[in-house]
Amino acid sequence: MESKKLQKIHNEILQWYELNGRKYLPWRNLSGENAPYGVYVSEIMLQQTQVSTVLGKYYEPFLSEFPTLEALSNSDEERVLRLWRGLGYYSRASNMLKTAKICGKYLPSEPKELLKLPGIGEYSAGAIACFGFRKSVSFVDANIRRVLSRFFALKSPSMKELQKLAQKILNHQNSFDHNQALLDIGAMVCLPIDPKCKMCPLQNWCEGQGDALVYTQKKKITYESLSLNLGVCVFEDKIGLVKSQTSLYRGLYNFPKIVKTTEGGILNFPFLGEFKHSYTRYKLNIKAYLIMDADFLEKEIEFFGLNEFERLPMSKMALKVLDLIKEKEFFRSIV
């Protein structure tokens, strides 16, 4: 790409960002030696999660509790997971704690060193290096992938190919604003289904705008449907929970599974309600029953009063069960 053309593209991107970019996001306005940590927290939280969710309930409370990487390193998993509850993909929180304990006070500034840390991939390493340490590096996430695929009219580009193209058009003089702009163009303009091509600063050079959807076709994900029966066990005004030991919910409290039924079957238990829940490749239909005998449930149940629930790290699935039963008569009787 000739230098004059590239310079025009850079200028258009920066001008668009100046007028339209999401510069209000707190992790874009950090300074000082703690900036890389604040960027790191935001990047990990934003994996598989919408900006509005992170901004509304999680980012500021997490930094208030753990203002520095060193403060996080001195914590324990239960405390970290408690602040993460409801955000999903809980291994992210566990990996952050592992990273903090490995690094101590400061994160490394080079992408290749960041890549060695738990839970940090190619994109996160580049984003932390650029936004936290102001390194002149490029990277590709889902939004930038979409922008580049359409800009260069590539139907099935490899990640390696896209990374080369991102580096090719990188604005080395202002990589921070350039990369933030690409993220925002992907999130706000170059949308998956209804791209706003006429509002895009790249429209004069985009090779794929005539048939934009061709370049963003995704493989259809096949989900497995499963049914899960959970028991709400009440004993002496307390409710039973189990602490998960599986990789998905490790360290989090869930309502126990029903592993044994009465002679009349599971329908013999008082039915509390049902809801849908998804995780990874599973679509779950979850039914909750009131169980008065813990012998019908999985083992290792711990009982907690409702005043203790706020301090417990609970999975999103468990929180959904809690919402389901809040209006039930037995629940009101123990409040």
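Just so you know, these numbers use all the heavy atoms, side chains as well, and skip hydrogens, waters and symmetry mates. The chain is numbered in sequence order, starting from 1.
For Ser94 against Glu77, the heavy-atom pair with the smallest separation is OG-OE2, 2.7 Å. Taking each heavy atom of Val39 and Ser42 in turn, the nearest pair found is O-OG, 2.7 Å. Residue Met96 comes nearest to Tyr40 through the heavy atom pair CA-OH, 3.2 Å, listed as atom of the first residue, atom of the second, then distance. Across every non-hydrogen atom of Cys103 and Pro108, the tightest pair is SG-CD, 3.9 Å. In plain terms, the two heavy atoms of Val147 and Leu182 that are nearest each other are CG2-O, 4.1 Å. When all heavy atoms are compared, the tightest approach of Tyr58 to Trp84 is CE2-O, 4.0 Å.
Phe235 and Phe269 fall within the same hydrophobic cluster, where Ile, Leu, Val, Met, Phe, Trp and Tyr residues are linked whenever their side-chain heavy atoms come under 4.5 Å apart, directly or through other members. Both Leu324 and Met292 belong to a common hydrophobic cluster when Ile, Leu, Val, Met, Phe, Trp and Tyr are linked at side-chain heavy-atom distances under 4.5 angstrom. In terms of hydrophobic clustering, with Ile, Leu, Val, Met, Phe, Trp and Tyr side chains grouped at heavy-atom distances under 4.5 Å, Phe176 and Trp27 are assigned to a common cluster. Both Phe304 and Leu272 sit in one connected hydrophobic cluster of ILVMFWY residues. Membership requires side-chain heavy atoms under 4.5 Å apart, directly or through other members.
With sequence neighbours left out, the side chain to side chain donor-acceptor pair (under 3.5 Å) criterion links Glu113 to Lys116.
Between the Ser175 side chain and the Leu170 main chain, no donor and acceptor come within less than 3.5 Å of each other. Gln203 places a side-chain N or O within 3.5 Å of a backbone atom of Lys198 that can act as its donor or acceptor partner. Formation of a donor-acceptor pair under 3.5 Å by the Asn204 side chain with backbone atoms of Ile9 is not found in this model. Judged by distance alone, the side chain of Asp184 and the main-chain N or O of Gly21 form no donor-acceptor pair under 3.5 Å. Arg145 places no side-chain N or O within 3.5 Å of a backbone atom of Met159 that could act as its donor or acceptor partner.
Between Lys135 and Ser109 the shortest side-chain heavy-atom distance falls below 4.5 Å. Counting heavy atoms from C-beta outward, Asn285 and Ser225 have side chains that stay 4.5 Å or more apart. Side-chain contact between Ile185 and Tyr17 is absent, with no heavy atoms from C-beta onward closer than 4.5 Å. Annotation: side chain of Pro118 is in contact with side chain of Ile102 (closest heavy-atom distance under 4.5 Å). A 4.5 Å side-chain heavy-atom check between Leu97 and Phe66 finds every atom pair outside the cut-off. The closest side-chain heavy-atom distance from His172 to Gln167 is below 4.5 Å. The shortest side-chain heavy-atom distance between Leu312 and Leu241 falls under the 4.5 Å cut-off. Within the 4.5 Å cutoff, the side chain of Arg85 has no heavy atoms near those of the Leu252 side chain.
Phe131 and Phe139 have their aromatic ring centers within a separation under 6.0 angstrom.
No more than 12 heavy-atom neighbours from other residues, nucleotides or ligands sit within 6.0 angstrom of CD on Glu18. No more than 12 heavy atoms of other residues, nucleotides or ligands lie within 6.0 Å of NZ in Lys8, so this atom counts as exposed by the packing criterion. Surrounding NZ of Lys101 are more than 12 heavy atoms belonging to other residues, nucleotides or ligands, all under 6.0 Å away. Few gaps surround CD on Glu78; more than 12 heavy atoms of other groups in view lie less than 6.0 Å from it.
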_Verdict with supporting geometry, Gln47 and Tyr123, side chain to side chain donor-acceptor pair (under 3.5 Å)_ = CA-CA 10 Å; Gln47 293 173 1; Tyr123 163 74; over 6 Å; no

After noting the C-alpha distance and the side-chain angles of Glu70 and Asn74, does the key distance pass the side chain to side chain donor-acceptor pair (under 3.5 Å) rule?
-> CA-CA 6 Å; Glu70 185 176 22; Asn74 292 325; 4.9 Å; no

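With salt bridges taken as basic N to acidic carboxylate O contacts below 4.0 Å, none links Glu302 and Lys238.
Checking Ser315 against Asn254 by side-chain atom types alone, a donor-acceptor pair falls below 3.5 Å.
No cation-pi contact links Lys320 to Phe275, judged by a cut-off of 6.0 Å to the six-membered ring centre and 45° from its axis.
In this structure, OG in Ser149 is found 9.5 Å from CZ in Arg146, a value given to the nearest 0.5 Å.
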